[in-house]
Amino acid sequence: MKIGKRITALLLAAAIGIVAVGCNKVDGAEKKVKVVRVAHGQNEEHPQHKAMLEFEKYVEEKTNGEIDVQIFPNELLGATSQAVELSQTGAVDLVIAGLGTLEAFNECYTVFNLPYIMDSTEHYHAVMNDEDIMNSVYESTRQSGFVGLTWFDAGVRNIYTTKKAIMEPDDLKGLKIRVQTSPTNVKMLQALGASPTPMSFGEVYTGLQQNVIDGAENNELALINNKHGEVAKHYSYNMHAMLPDILIASTDLLDNKLTEEQAKIVMEAASYANKFEVDLWEDAAAEAKEKAEAMGVQFYYPDIKPFQDKMKNLHAEYTKDENMKAVYDKIREKGDEILAKNASVESEQE
């Protein structure tokens, strides 16, 4: 996307607001149509984009064309942080945002961003599907002008570099590693001895190519969909985070600009999109790994315990706050429940 077009799209969204009204003919009669804009940073092949296409289909069919969902991938409406700000002002309706962006609005999201807070994928999914945990988190940003609707699987985040494999924390010393604009992510890499470099996701490829950064941390899809594997050939499964991305919605959209029935349909569509994306994610990650290997990316499997040990002080720091500790304890309790259940099953099988 050319810069001129990108700026035009951004200015257009800011100028005309979240919901534009047009006219379509339905059963021969003109009918007002509400335009709902969705912004995200992934490309058209990403599971999240495909999930939002399903969201679009669901909403438009269930509202009989009264809502026209328009999806803007590839950061067309600006970097994620900008898109979230636009949702606050009413220029964008829905945004898929990472935790690094959302933790600036409420500390609840910071807890999920703590490295190694999740024990396994099973634990991670169980937490994200637990309404007792997530509903209060989603509502925590209402005063900021948006709320969470659902989560999308963003896989397991690992470190990949242009220069060498990361097999132990000391391998990161002196390396400039791109992170999301997140104090938690910055502190994580500092604890590992790296030099954290916050950067927009859309700038990472050029940063790797021009040696502005030595590496980044993300899932396998970034190697293929965003072509990072062309310049970063070492991918190490240190498994520091299992992070969701959150589909947020402007409160103005849900409370004022949609009817109660339309808002209900939007929320139903979000739930439908979640199930679609989570089912698609695992296959997409495996396929991305195969393609990355074909382009010469090497995959490594370090012992993760030395990395985990480096995070103890960070966990202690972030659980001093009572609100954060309450969420932290719920997540850890869910992990303990799963460990106990799995141990019981193993005992019965012996």
Side-chain angles (χ1 to χ4, degrees), residues 1 9 13 18-20 22 24 26 33-77 80 83-84 86-87 92-99 101-102 121 124-125 128-131 134-135 138 146-155 201 219-222 224-226 242-250 253-254 257-288:
M1 172 58 63
I18 293 180
V19 179
N24 281 350
V26 179
V33 176
K34 297 175 181 178
V35 177
V36 172
R37 295 184 175 84
V38 182
H40 69 80
Q42 305 297 347
N43 68 18
E44 292 87 342
E45 297 303 314
H46 196 279
Q48 291 180 4
H49 182 74
K50 293 178 180 179
M52 292 314 296
L53 292 177
E54 294 296 314
F55 173 93
E56 176 184 12
K57 185 189 304 182
Y58 188 101
V59 170
E60 293 180 355
E61 288 180 356
K62 293 292 185 179
T63 62
N64 195 28
E66 292 176 351
I67 295 178
D68 175 19
V69 177
Q70 298 181 357
I71 304 171
F72 296 84
N74 298 306
E75 294 188 335
L76 289 176
L77 297 185
T80 301
V84 172
L86 289 173
S87 78
V92 173
D93 300 284
L94 304 171
V95 183
I96 301 176
L99 298 181
T101 299
L102 296 177
T121 301
Y124 162 43
H125 286 196
M128 298 310 302
N129 288 323
D130 190 324
E131 293 183 358
M134 295 310 303
N135 284 351
Y138 289 153
F146 63 87
V147 294
L149 293 185
T150 192
W151 66 285
F152 288 145
D153 195 351
F201 187 60
N219 56 62
E220 299 93 335
L221 271 66
I224 300 301
N225 290 355
N226 306 94
M242 300 176 191
L243 301 181
D245 286 334
I246 306 298
L247 177 63
I248 66 167
S250 165
L253 172 75
L254 297 176
K257 297 188 176 181
L258 298 180
T259 67
E260 184 176 339
E261 179 62 23
Q262 288 170 342
K264 180 182 176 183
I265 289 171
V266 165
M267 289 186 281
E268 289 173 351
S271 179
Y272 177 74
N274 156 257
K275 293 180 176 62
F276 182 90
E277 193 271 350
V278 171
D279 288 343
L280 194 60
W281 179 267
E282 187 175 348
D283 290 341
E287 181 180 353

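Hydrogens, waters and symmetry mates are skipped; everything else that's a heavy atom, side chains included, is used.
Closest of all the heavy-atom pairs between A269 and V59 is CB-CG2, 3.5 Å. Residue D153 comes nearest to W281 through the heavy atom pair O-CE3, 3.3 Å, listed as atom of the first residue, atom of the second, then distance. Taking each heavy atom of V92 and A83 in turn, the nearest pair found is CB-O, 4.3 Å. Closest approach of F201 to A222, counting heavy atoms only: CZ-CB, 4.3 Å. In this structure, V38 and M52 approach most closely via the heavy-atom pair CG1-CE, 3.8 Å. Closest non-hydrogen pair, A284 versus P47, comes out as CB-CG, 3.7 Å.
With D245 contributing its side chain and F152 its backbone, the two residues share no donor-acceptor pair below 3.5 Å.
For the pair E56 and Q70, the minimum side-chain heavy-atom distance is 4.5 Å or more. Two residues are said to be in side-chain contact when any heavy atoms from C-beta on lie closer than 4.5 Å; Q42 and N225 fail this criterion. Using a 4.5 Å heavy-atom cutoff, the side chains of N226 and H46 are not in contact. At a threshold of 4.5 Å between non-hydrogen side-chain atoms, the residues E131 and Y138 do not count as touching. The shortest side-chain heavy-atom distance between M128 and I246 falls under the 4.5 Å cut-off. A 4.5 Å side-chain heavy-atom check between E44 and N74 finds at least one atom pair inside the cut-off. Using a 4.5 Å heavy-atom cutoff, the side chains of L94 and L149 are in contact. Inter-residue side-chain proximity for E66 and Q262 is flagged as met; some heavy-atom pair is nearer than 4.5 Å.
In this structure, NZ in K275 is found 13.5 Å from CD in E54, a value given to the nearest 0.5 Å. Separation of atoms CD1 (I67) and CD (E61) is listed at 13.0 Å; rounding is to 0.5 Å. Distance check, rounded to the nearest 0.5 Å: OG1 of T150 to CD1 of I96 gives 10.5 Å. How far NE2 of H40 is from CG of L76: 8.5 Å, rounded to the nearest 0.5 Å. For the atom pair CD1 of I224 and CD of E287, the computed distance is 9.0 Å after rounding to the nearest 0.5 Å. Atoms CZ and CD, from F55 and E60 in turn, are 9.5 Å apart once rounded to the nearest 0.5 Å.
No more than 12 heavy atoms of other residues, nucleotides or ligands lie within 6.0 Å of NZ in K62, so this atom counts as exposed by the packing criterion.
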- Task: Under the side-chain contact (heavy atoms from CB on, under 4.5 Å) rule, what do L53 and F276 come out as? Steps first, then yes or no, please.
- Result: CA-CA 10 Å; L53 292 177; F276 182 90; over 6 Å; no
Practice prompt. Step by step, work out the side-chain contact (heavy atoms from CB on, under 4.5 Å) result for K34 and L253.
Written response: CA-CA 11 Å; K34 297 175 181 178; L253 172 75; over 6 Å; no
